[in-house]
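Worksheet: the structure to be examined is printed underneath.
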Amino acid sequence: MARNRKNQSAAVRFGPALKAVLLCLFIGGSGVGYVWQQNQLLELGRQKVEKEKRRDAFRAQNDLLARQLAGLQSPRAIEARVKELNLGLTMASPTQVIHLLDEPLAPPARPAPTVNRTERQYAQRHPGSPLTP
């Protein structure tokens, strides 16, 4: 016999609708997740480019400062600064200069051979003791 729809249970009537809603939520959630992931990738790419630019700027500044330091440490710059400040310093005469030679150190001497370790482990036997053979 044919069944009447009025006699069907509520679970049977709402089952397909519930499946359709869950499928739509899954597909919609996957789409939103994909868009969020792509947005995050784009943002990380922007941050990477920004940090690389910052790194390059720091490297350029570091090179500039290294060149300035080398210029300030040069003998000409030091002499000019001494004259500018009227410190009255002059270059050392060759008789005042002592040259030191760095010779490699001799390898350390080998320590004297030690007594066999097994002999140190035991007390010496005295002659005449009851345990001596």
**Prompt:** Rounded to the nearest 0.5 Å, how far does CG of Asn39 lie from CG of Leu44?
**Reply:** 9.5 Å

What donor-acceptor contacts under 3.5 angstrom involve side-chain atoms of residues 98-107, with partners at least two apart or in another chain?
none

**Message:** So, using salt bridge (charged side-chain N to carboxylate O under 4.0 Å, His left out) as the criterion, who are the partners of Glu84 when residues are at least two apart?
**Reply:** Arg81

**Asked** Distance from Asn62 atom CG to Arg67 atom CZ, nearest 0.5 Å?
**Response** 10.0 Å

**Message:** Minimum heavy-atom separation for Val97 and Ala92, please, with both atom names.
**Reply:** CG2-CB, 4.2 Å

**Asked** If you draw a 6.0 Å radius around CD in Gln38, do more than 12 non-hydrogen atoms from other residues or ligands fall strictly inside?
**Response** yes

**Item:** Single hit among Arg46, Glu52, Lys51 for side chain to side chain contact (heavy atoms under 4.5 Å, CB included) with Lys48
**Value:** Glu52

**Minimal non-hydrogen separation, Gly71 against Ala77, with atom names** = O-CB, 3.0 Å

**Message:** Would you say that Val49 contacts Lys53 through its side chain, given a criterion of any heavy-atom pair below 4.5 Å between the two side chains?
**Reply:** yes

**Asked** How many angstroms lie between atom CZ of Arg59 and atom CG of Leu64, to the nearest 0.5 angstrom?
**Response** 16.0 Å

**Prompt:** More than 12 non-hydrogen atoms from neighbouring residues, nucleotides or ligands closer than 6.0 Å to CZ on Arg54, yes or no?
**Reply:** no

**Asked** When clusters are formed by joining ILVMFWY residues with side-chain heavy atoms under 4.5 Å apart, either directly or through shared neighbours, do Val32 and Tyr34 land in the same one?
**Response** no

**Prompt:** In Å and rounded to the nearest 0.5 Å, what is the CG to CD distance from Asp56 to Gln61?
**Reply:** 13.0 Å

**Asked** About how many Å separate CD1 of Ile78 and CG of Leu87, when rounded to the nearest 0.5 Å?
**Response** 12.0 Å

